[in-house]
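To start, the structure under review is shown below, and the notes come after it.
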Amino acid sequence: MSDRHFIQQIIDRDIAEGKWGPKGDGSVVKTRFPPEPNGFLHIGHAKAITLSHGLAREYGGTFFLRFDDTNPAKEEDRYVRSIVDNLRWLGCTWEGARDDDPMAGVRFASDYFDRMYQHARELISKGLAYVDDQTPEQIRATRGTPTEPGRPSPFRDRPAAESLDLFERMKNGEFPDGSRVLRAKIDMASPNFNLRDPVLYRVVHAHHHRTGDAWKIYPMYDWAHGLEDSYEGITHSLCTLEFENHRPLYDWLLNNLDGVHHPRQIEFARWAPTYMITSKRNLKQLVDEGHVDGWDDPRMPTISGLRRRGYTSEAMRAFCEEGGVTKFNAKIDVVRLENALRDHLNKAAPRRMAVLRPLKVTITNWGEHGAPTRVEELDAVNNPEDESAGSRKVPFSGSLFIERDDFIEQAPNKKWFRLAIGKEVRLRYGYWVACHDVVKNDAGEVVELLCTYDPTTKGGEAPPPDAEGKVRKVKGTLHWVSADDCAEAEVRLFDRLYTAEQPGKASGAHIDDLNPDSLEVIAGARLERSLGEASPGDRFQFERLGYFYADPDSKPGAPVFNRAVTLKDSWAKVAGQG
RNA sequence: UGGGGAUUGGUGUAAUUGGCAGCACGACGGAUUCUGAUUCCGUUAGUCUGAGUUCAAGUCUCAGAUCCCCAGCCA
């Protein structure tokens with residue numbers, strides 16, 4: 001029985017055979033994550049990052065972060081910074097990373113442009129590449145179809161010296177965009193289009209975010225990527241399935257260069273979480289058309305968005321690592337993502353009480369058992385999963401708030417454990433209270449509950465047996481806050497961005513599947529007083545409600561909380577069944 | 001109609017030279033519980049189809065089905 005996925009098995013074999021160094025030495029393993037800085041990273045990238053990073057760490061090898069910045073028209077420095085930040089947050093740091101300089105150790109394809117150019121000259125000299133003067137349209141027209149071979153370019157057999165000269169002049173900026181390309185001379189009849197004389201270099205007069213205007217020619221992916229891997233000594237170059245058709249070209253190029261290191265490319269399947277999209281184009285549409293508040297909107301599947309939602313990097317990594325690695329394009333249930341967060345935060349997040357939609361509760365017999373204005377400080381456990389988290393004091397008085405959803409005038413059935421007229425519940429860490437009356441406004445809505453409390457139930461303990469030895473029981477425990485001593489906050493509740501499991505699949509357009517209720521902002525939530533001072537980035541479990549994250553929008557005394565995920569709610573199911 | 005990949009319960013995965021189809025999530029039921037949470041116990045359900053080889057097939061052979069990727073001077 002082997003629990004090692006297919007990539008681990010390949011690497012195990014390579015190491016055993018000593019393919020990359022001394023037999024049995026895993027430390028030679030070198031992987032990389034090679035994003036193009038043309039957008040924000042999403043949940044799918046997180047999987048790729050943790051895979052390559054995790055493999056390097058597992059074998060005691062090396063992991064690089066390298067930007068594949070070979071297309072100046074699409075790339076920006078802000079994307080570089082965002083990606084670097086995302087990897088650091090994920091805890092997937094690369095060789096050479098330092099805390100005092102976020103960019104330390106980061107590599108760029110553009111650093112290798114000179115070497116790539118020289119290697120291209122080598123290929124031309126060997127008669128394996130040529131400058132083609134055809135237009136893009138002509139090249140497309142002569143590429144052939146799946147069933148017909150392509151036709152050779154009239155420039156295919158141009159002497160190497162002539163190509164060398166033209167290539168240099170392309171580099172020097174003598175020709176306009178689109179006028180000439182460098183092509184590999186492979187096989188115009190190959191069933192694999194990537195081998196029908198693929199373009200290696202194109203002329204681009206655009207400003208590059210790092211090299212400025214130094215270059216007028218830019219390498220294409222297939223030419224650049226293998227060389228980058230080779231220059232860096234990558235042993236296992238992991239990429240997604242759509243590059244399987246590119247591997248023959250990857251290998252052909254490196255095989256035809258003298259004395260270069262030749263990594264092994266391995267492809268694995270991408271992930272498609274349900275109710276999410278990961279297409280860059282579609283994500284951009286959400287931002288551009290204002291369906292969300294930006295790339296880091298907490299509803300976005302971007303790493304920045306999930307982070308702002310309140311996800312922890314531990315939960316993200318656990319999610320990425322639990323799913324396995326295969327070549328099967330799987331739909332992965334978002335519930336797994338949510339569960340990963342719940343698992344982590346259940347152990348890590350301090351508990352607090354917060355009332356999202358407050359309903360006033362007045363304890364009518366509060367004055368009969370002591371001073372009517374007295375406040376009792378009760379002990380509340382900070383985290384039942386973590387004894388070392390200790391406890392805190394919460395103020396209890398005759399004037400409280402409970403959750404509006406926790407009261408109904410007439411209990412619908414015996415499974416209603418919460419408050420109703422004539423019913424008794426426990427207030428967590430507080431007293432047992434029974435509701436005997438309600439106050440309504442002119443519209444007939446309940447605006448206040450009149451309850452009595454049992455002084456023998458302090459701290460939530462069960463009352464002593466009565467004269468006949470019977471012990472009173474209570475089914476429900478509600479969260480609450482003191483009405484006189486609490487903080488106020490804005491709370492943002494999120495639901496799935498889409499209502500369809502595979503957005504756009506059935507409807508044709510992902511926009512048509514947007515969930516109109518994906519965001520609900522609650523203005524007047526009441527919190528335990530200590531929560532008023534929450535700092536951005538703080539995380540709590542609001543008991544019975546879910547896990548919450550103090551948004552960067554929080555100001556001192558005016559916190560903003562995002563609900564990262566709810567608690568599992570089996571009552572919702574019972575209620576749904578009527 | 002060409003080429004490249006893939007297919008195991010509802011979902012995601014595992015199974016050594018062919019040797020009892022395992023794990024996790026979900027769903028369902030129960031126990032515990034001062035969170036209808038957590039935790040614990042149990043139940044559920046699967047090898048794409050059809051032939052063949054074999055004492056024995058998820059695994060090997062043949063035929064077929066379905067899904068994904070490929071005709072950018074994007075990556």
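Reckoned from all heavy atoms, side chains included, excluding hydrogens, waters and symmetry mates.
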Within the supplied structure, the quantity of interest is the number of heavy atoms (other residues, nucleotides, ligands) at a distance under 6.0 Å from A/K475 NZ; does it exceed 12?
no
Confirm from the modelled atom types if [X] and [N] form a donor-acceptor pair under 3.5 Å, side chain to base only.
| X | N | answer |
| --- | --- | --- |
| A/R342 | B/U38 | no |
| A/R336 | B/A24 | yes |
| A/H246 | B/A75 | yes |
| A/Q541 | B/U35 | yes |

Would you measure the distance from the [atom1] atom in [N] across to the matching atom in [M] and give it in whole Å?
| N | M | atom1 | answer |
| --- | --- | --- | --- |
| B/G58 | B/G19 | P | 9 Å |
| B/U59 | B/A15 | P | 15 Å |
| B/A24 | B/U44 | P | 15 Å |
| B/G50 | B/A31 | P | 43 Å |
| B/U54 | B/C48 | P | 23 Å |
| B/A45 | B/C40 | P | 24 Å |
| B/G10 | B/U43 | C1' | 16 Å |
| B/U13 | B/U17 | P | 22 Å |

According to a cutoff of under 5.5 Å between the ring centres and under 30° between the ring planes, does A/F193 stack with the base of B/G3?
no
Going by a 90° cut-off around 0, is B/G10 syn or anti?
anti
Using a 4.0 Å heavy-atom cut-off across all strands, classify [X] as base, sugar-phosphate, or nothing.
| X | value |
| --- | --- |
| A/R351 | base |
| A/T70 | sugar-phosphate |
| A/F328 | sugar-phosphate |
| A/G460 | base |
| A/P176 | nothing |
| A/R426 | base |
| A/N192 | nothing |
| A/T326 | sugar-phosphate |
| A/Y218 | nothing |
| A/I139 | base |
| A/P384 | base |
| A/E244 | sugar-phosphate |
| A/G178 | base |
| A/K347 | nothing |

Atom CD1 of A/I7 to atom P of B/A14: distance rounded to whole Å?
11 Å
Nearest-Å distance, CZ (A/R247) to P (B/G3)?
17 Å
Please confirm whether the shortest side-chain N or O distance from [X] to OP1 or OP2 of [N] is below 4.0 Å.
| X | N | answer |
| --- | --- | --- |
| A/R202 | B/A75 | yes |
| A/K573 | B/C28 | yes |
| A/R544 | B/G36 | yes |
| A/R143 | B/C73 | yes |
| A/Q8 | B/A14 | no |
| A/K568 | B/G26 | yes |
| A/T145 | B/A71 | no |
| A/R140 | B/G72 | yes |

As a test of reading the structure: which of B/G36, B/A14, B/A75 is closest to the side chain of A/H5, going by heavy atoms?
B/A14
Under 3.5 Å: donor-acceptor pair, side chain of A/K327, backbone of A/F6:
no
Reading RNA chain B 5' to 3', how would its secondary structure be written in dot-bracket notation, given Watson-Crick and G-U pairs with both distances under 3.5 Å, brackets [ ] for crossing pairs and | for partners on other strands?
.((((((..((((.....[..))))((((((.......))))))...(((((..]....))))))))))).....
Should the pair A/R496 and A/Y275 be classed as cation-pi, given the thresholds of under 6.0 Å to the six-membered ring centre and 45° from the axis?
yes
Taking the six-membered ring for Trp, are A/F67 and A/H209 ring centroids under 6.0 Å apart?
no
Between A/A109 and A/R66, which heavy-atom pair has the shortest distance, and what is it?
N-CG, 4.2 Å
Under 3.5 Å, is there a donor on one side chain and an acceptor on the other for A/R426 and A/T477?
yes
Strictly below 4.0 Å, N to O, side chains only: are A/E242 and A/R270 in salt-bridge contact?
yes
Basic-acidic side-chain contact under 4.0 Å: A/K393, A/D379:
yes
Using the ring of each side chain (for Trp, its six-membered ring), is [X] parallel, tilted or perpendicular to [Y], with breaks at 30° and 60°?
| X | Y | answer |
| --- | --- | --- |
| A/F548 | A/F561 | perpendicular |
| A/Y250 | A/H225 | tilted |
| A/Y231 | A/H119 | parallel |

Between A/V325 and A/Q134, which is nearer to the 5' end of RNA chain B once each is assigned its nearest nucleotide?
A/V325
By nearest-nucleotide position on RNA chain B, the 5'-leaning member of A/T457 and A/F6 is A/F6
